[in-house]
Engineer: 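Sending over a structure as structure tokens; questions will come in a sec.
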Amino acid sequence: MAGMSLVQAVAMKVYSSKFIAKRLFGIDFPALGPKDYYFDISTHVVVREVAKRIGPKNHLCDLGTGSFGVIGLSLWKKTGCKVTCVDVNPELAASTRKNIALNKAPIEVIDSSFFTNVKVPFDVVTFNPPYITTSAGKDLGIESRPAQWDGGEDGMQVVRPFLKAVAERQNPVQVYLAMNTLFVKGDAVRALVAKEPGLEYQETIRCRFLPIELHVMRNRR
Ligand SMILES: C[S@@+](CC[C@H](N)C(=O)[O-])C[C@H]1O[C@@H](n2cnc3c(N)ncnc32)[C@H](O)[C@@H]1O
């Protein structure tokens, strides 16, 4: 943890605590590899807020599910919704498959960039995307794989094509997109959505003590 501030070092301790992860998400986790972590603050906000808004009738696509499928697994456990987990990185998708087996959950994990290989119907999407700007990530000395956090020069290099992919869906989908306002201002995301005719921005869910915003939108179908 050389070069980290005290706050970062404490945050990494929290993110890599199996005890805290189990308490927050209500699911089981395997041991952690070096430089890895179970969740970040956006993961927690997504699960907390989306759990209040969906139920057994929904089919969730947890996009960018990461190493453990935390959002998908936790929302399955907490709400009884159907879940499909998706990640562009085959190594992370394989790791999530193991965690799904550990939790005995009826969840398929698909290797896909956005929705390209997803053939099952779903009506809700969660995405905690890589949004840390490349320069901030270097300054912070983040050691995990860049694909997990690197949002490019303005933090939105993954969000831009994601919004297009949602707008192109043929069936109605409700989207919960997490962003950290320390790296990307909410106005920048709202302006981007406003420019996309296939999307309707609905709501910003803000957190009292955390710099996380959940952008809620749907495609016009
Ligand atoms: C910040 S991590 C989130 C991990 C986990 N969902 C969580 O909240 O802890 C972002 C994830 O998005 C994935 N990702 C990035 N681009 C993607 C794309 N085009 N399609 C699917 N997943 C993508 C990365 O591989 C990474 O696992």
Side-chain angles (χ1 to χ4, degrees), residues 11-12 14-18 20-22 24-27 29-30 32-33 35-51 60-76 78 83-100 107-118 122 124-134 136-137 140 142-152 155-169 175-180 182-184 207 210-215:
M12 287 317 293
V14 171
Y15 300 158
S16 52
S17 159
K18 196 198 255 197
I20 295 173
K22 282 171 100 164
L24 277 180
F25 300 107
I27 56 172
F29 289 91
L32 211 52
K35 298 183 187 175
D36 227 339
Y37 53 90
Y38 291 117
F39 67 99
D40 63 41
I41 43 173
S42 323
T43 321
H44 165 58
V45 173
V46 172
V47 169
R48 190 185 67 193
E49 295 302 325
V50 178
L60 168 71
C61 174
D62 176 25
L63 191 66
T65 199
S67 311
F68 302 104
V70 180
I71 293 175
L73 264 171
S74 187
L75 285 172
W76 164 73
K78 287 174 191 269
V83 177
T84 300
C85 291
V86 175
D87 207 285
V88 70
N89 183 323
E91 195 193 331
L92 301 186
S95 166
T96 277
R97 274 184 203 104
K98 287 189 190 155
N99 203 30
I100 281 169
I107 295 178
E108 185 187 7
V109 184
I110 300 175
D111 293 79
S112 177
S113 177
F114 304 120
F115 311 113
T116 311
N117 301 333
V118 185
F122 55 87
V124 180
V125 177
T126 48
F127 194 24
N128 173 17
Y131 51 53
I132 299 177
T133 56
T134 309
L140 290 168
I142 298 176
E143 292 176 329
S144 59
R145 308 165 187 88
Q148 284 175 285
W149 59 265
D150 190 356
M156 299 226 267
Q157 77 175 7
V158 178
V159 170
R160 253 183 232 100
F162 165 69
L163 296 178
K164 289 237 166 294
V166 173
E168 284 164 8
R169 294 294 303 168
V175 175
Y176 298 91
L177 171 69
M179 296 296 282
N180 185 322
L182 296 178
F183 304 110
V184 181
C207 304
L210 298 172
I212 304 299
E213 286 184 347
L214 260 195
H215 297 278

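Because the structure is predicted, anything quoted here is derived from the model rather than measured. All ligand and atom numbering here is 1-based and tracks the order in the structure.
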Engineer: Using the side chain to side chain donor-acceptor pair (under 3.5 Å) rule, take Thr43 and Asp40 through it: C-alpha gap first, then chi angles, then the decisive distance, then the call.
Structural biologist: CA-CA 5 Å; Thr43 321; Asp40 63 41; 3.2 Å; yes

Engineer: Not counting sequence neighbours, which residues clear salt bridge (charged side-chain N to carboxylate O under 4.0 Å, His left out) with Lys22? List them please.
Structural biologist: Asp28

Engineer: Exactly which residues line ligand 1, taking a heavy atom under 4.0 Å from it as the test?
Structural biologist: Thr43, Leu63, Gly64, Thr65, Gly66, Ile71, Asp87, Val88, Asn89, Leu92, Ser112, Ser113, Phe114, Phe127, Asn128, Pro129, Pro130, Ala147, Gln148, Val158

Engineer: Would the distance check show the side chain of Thr116 and the main-chain N or O of Ser112 forming a donor-acceptor pair, the cut-off being under 3.5 Å?
Structural biologist: no

Engineer: Under 6.0 Å from the NZ atom of Lys18, do we count more than 12 heavy atoms belonging to anything else shown?
Structural biologist: yes

Engineer: Whether the side chain of Tyr38 engages the backbone of Pro30 through a donor-acceptor N/O pair (distance < 3.5 Å, no angle test) should be reported.
Structural biologist: yes

Engineer: Go through the steps for Phe68 and Phe25 under the test ring-ring contact (aromatic ring centres under 6.0 Å, His included), then give the verdict.
Structural biologist: CA-CA 11 Å; Phe68 302 104; Phe25 300 107; over 10 Å; no

